[in-house]
Protein chains: 2
Amino acid sequence: MDTIFNKVDAKGRVSLPSDYRAIVKELSTEIVCYRSLTAPCIEGCTEELLDKLATEIENATDFFSETQDNLTNLIFGDAKRFTFDSTGRIMLTEKLLKHANITDTAVFVGKGRKFQIWTPENWEKEEARIRAEVLKNRPTLTRKTEGE
Amino acid sequence: MDTIFNKVDAKGRVSLPSDYRAIVKELSTEIVCYRSLTAPCIEGCTEELLDKLATEIENATDFFSETQDNLTNLIFGDAKRFTFDSTGRIMLTEKLLKHANITDTAVFVGKGRKFQIWTPENWEKEEARIRAEVLKNRPTLTRKTEGE
DNA sequence: CTATACCTTATGGTATATCATGGGTTTTTA
DNA sequence: TAAAAACCCATGATATACCATAAGGTATAG
């Protein structure tokens with residue numbers, strides 16, 4: 001949850017927001033990050049969730065389907081474990097940082113069970129885009145959410 | 001639940017009205033707040049309610065769908081947990097206060113399972129708008145009740 | 001019926017704990 | 001052996017927890 005702006009220092013270190021850490025901490029001290037398939041940002045989650053995603057893909061698509069191959073290749077070929085130190089920092093790789101265009105500031109955006117990391121500029125644009133998009137389709141959304 | 005005016009101090013602290021707290025207190029001491037999509041106000045609810053919404057979205061859309069991506073970003077990127085202390089206060093963030101234009105007074109308005117926080121001025125306008133809306137529909141309402 | 005005592009709630013202030021961030025040192029590895 | 005990564009400690013800022021006071025409301029006793 002929440003959106004948090006943290007600095008990336010000269011060594012490439014960045015603090016994982018404490019709220020984010022809290023979710024993982026009980027189990028371990030590591031998360032998994034990979035390049036987003038659809039946006040110029042990094043995605044992160046627990047390894048547990050990624051495993052779950054793997055089985056979901058296996059169930060959802062044909063065993064021999066090209067789609068499954070592509071998705072698994074893209075995500076699992078890219079995913080890398082990051083352990084955070086006693087102060088809660090991780091060191092992102094060049095590949096990830098470059099994909100998201102991050103240099104000195106990382107924006108952590110909560111997504112429930114996973115999160116994303118953006119540059120301030122790109123996130124600002126993305127947020128505006130989403131808001132416009134959702135407002136346009138609001139009737140549908142309202143019907144769905146009003147169910148509860 | 002009625003409408004309650006509370007002060008916001010220099011640090012952004014504001015007392016959650018006791019009636020509102022009572023609903024949550026049995027379970028926990030925290031609520032979730034986020035910017036309203038459609039109005040200049042803050043919305044609040046229990047985390048439970050937000051989780052429910054999240055699972056609904058997960059069920060209604062598939063993992064890689066753009067809709068799911070948009071909704072989870074919008075909801076969880078914006079929402080933040082607020083734990084209230086022994087005196088029942090929470091500390092609202094700059095982002096939330098700014099969105100609602102709140103400086104020194106917060107108006108709490110009950111909305112069933114959730115609530116809203118307005119400035120006195122904006123709430124006055126909103127209430128007038130709602131009243132006008134209801135009056136517009138009054139003929140229909142009257143015919144219905146006269147039938148009994 | 002009124003006045004007082006008690007309880008709840010809001011609000012102001014303060015201290016403590018937590019977190020993000022910077023720098024230095026050691027250990028690993030390429 | 002040089003560079004990078006893991007580890008450790010220091011510090012300033014900030015949020016959180018706690019205490020004290022004030023105000024309003026209710027119940028009970030006189």
- Message: Nearest whole Å is fine: how far is C:dC19 C1' from A:Phe108 CZ?
- Response: 14 Å

- Value in whole Å for how far the P atom of C:dC19 lies from CG of A:Asp2: 14 Å

- Task: For B:Ser18, answer base if it contacts any base atom (sugar-phosphate contacts may also be present), sugar-phosphate if it contacts only those atoms, and nothing otherwise; contact means non-hydrogen atoms under 4.0 Å.
- Result: sugar-phosphate

- Could you list by number each residue of residues 96-106 of chain A showing a heavy-atom separation from DNA chain C of less than 4.0 Å, or answer none if no residue does? none

- Item | N-O pairing of B:Glu43 and B:Arg113 below 4.0 Å | no

- Atom CD of B:Glu94 and atom P of D:dA15: how far apart are they, to the nearest Å? 10 Å

- Take atom CZ of A:Arg21 and atom P of C:dT21, then tell me their distance rounded to the nearest Å. 11 Å

- Integer-rounded Å distance: C:dA10 C1' and B:Ile90 CD1: 14 Å

- How about B:Cys33 and B:Leu96: do any of their side-chain heavy atoms sit closer than 4.5 Å? yes

- Of all heavy-atom pairs linking B:Arg21 and B:Gly88, the shortest is NH1-CA, 3.1 Å

- Message: Counting the atoms with a prime plus P, OP1 and OP2 as sugar-phosphate, which does B:Leu16 contact under 4.0 Å by heavy atoms, base, sugar-phosphate, or nothing?
- Response: sugar-phosphate

- State which of D:dA15, C:dG12, C:dA10 makes the closest approach to the side chain of B:Met91. D:dA15

- Message: What is the separation between atom NZ on A:Lys7 and atom C1' on D:dT11, rounded to the nearest whole Å?
- Response: 15 Å

Taking only nitrogen or oxygen atoms into account, show me every contact under 3.5 Å that the protein makes with nucleotides 27-30 of chain C, one pair per line with its distance.
none

- Take atom CG of B:Asp9 and atom P of D:dT16, then tell me their distance rounded to the nearest Å. 13 Å

- salt bridge (charged side-chain N to carboxylate O under 4.0 Å, His left out) partner of B:Asp9, the single match among B:Lys11, B:Lys7, B:Arg13: B:Arg13

- Message: Is it true that B:Trp118 and B:Gln116 share a donor-acceptor pair across their side chains at a distance under 3.5 Å?
- Response: yes

- Among all residues two or more places apart in sequence or in another chain, which pass the salt bridge (charged side-chain N to carboxylate O under 4.0 Å, His left out) test with B:Lys95? B:Asp78

- Task: Taking only Lys NZ, Arg NE, NH1 and NH2, and the carboxylate oxygens of Asp or Glu, determine whether B:Lys80 and B:Glu94 approach each other closer than 4.0 Å.
- Result: no

- Query: Counting heavy atoms not belonging to A:Arg129, are there more than 12 under 6.0 Å from its CZ?
  - Reply: yes

- Decide, yes or no, whether a salt bridge links A:Lys111 with B:Asp69 under the criterion of side-chain N to carboxylate O below 4.0 Å. yes

- Task: Give the rounded distance in Å between these two atoms: CG of B:Leu92 and P of D:dT14.
- Result: 17 Å

- Message: With a 3.5 Å distance limit and no angle check, can you tell me whether B:Tyr34 reaches the backbone of A:Asp2 through a side-chain donor-acceptor pair?
- Response: no

- Task: Show your reasoning for whether side chain to side chain contact (heavy atoms under 4.5 Å, CB included) applies to A:Phe115 and A:Ile31.
- Result: CA-CA 11 Å; A:Phe115 62 88; A:Ile31 53 158; 3.7 Å; yes

- Task: Mind running side chain to side chain contact (heavy atoms under 4.5 Å, CB included) on A:Arg131 and B:Leu74 for me, showing each step along the way?
- Result: CA-CA 7 Å; A:Arg131 289 206 169 243; B:Leu74 201 60; 3.7 Å; yes

- Message: Donor-acceptor check, side chain of B:Ser36 to backbone of B:Thr38, threshold 3.5 angstrom: yes or no?
- Response: yes

- Task: Assign a letter to each nucleotide of nucleotides 17-22 of chain D from its 5' end: B, base within under 4.0 Å of a protein heavy atom; S, sugar-phosphate only; -, no contact.
- Result: BBBB--

- Item | Terminal axis angle for the helix from C:dC1-D:dG30 to C:dA30-D:dT1, five pairs an end, nearest 10 degrees | 30°

Going by atom type alone, with no hydrogens or angles, which donor-acceptor pairs under 3.5 Å involve a side-chain atom of residues 101-109 of chain A and a protein atom two or more places apart or on another chain?
none

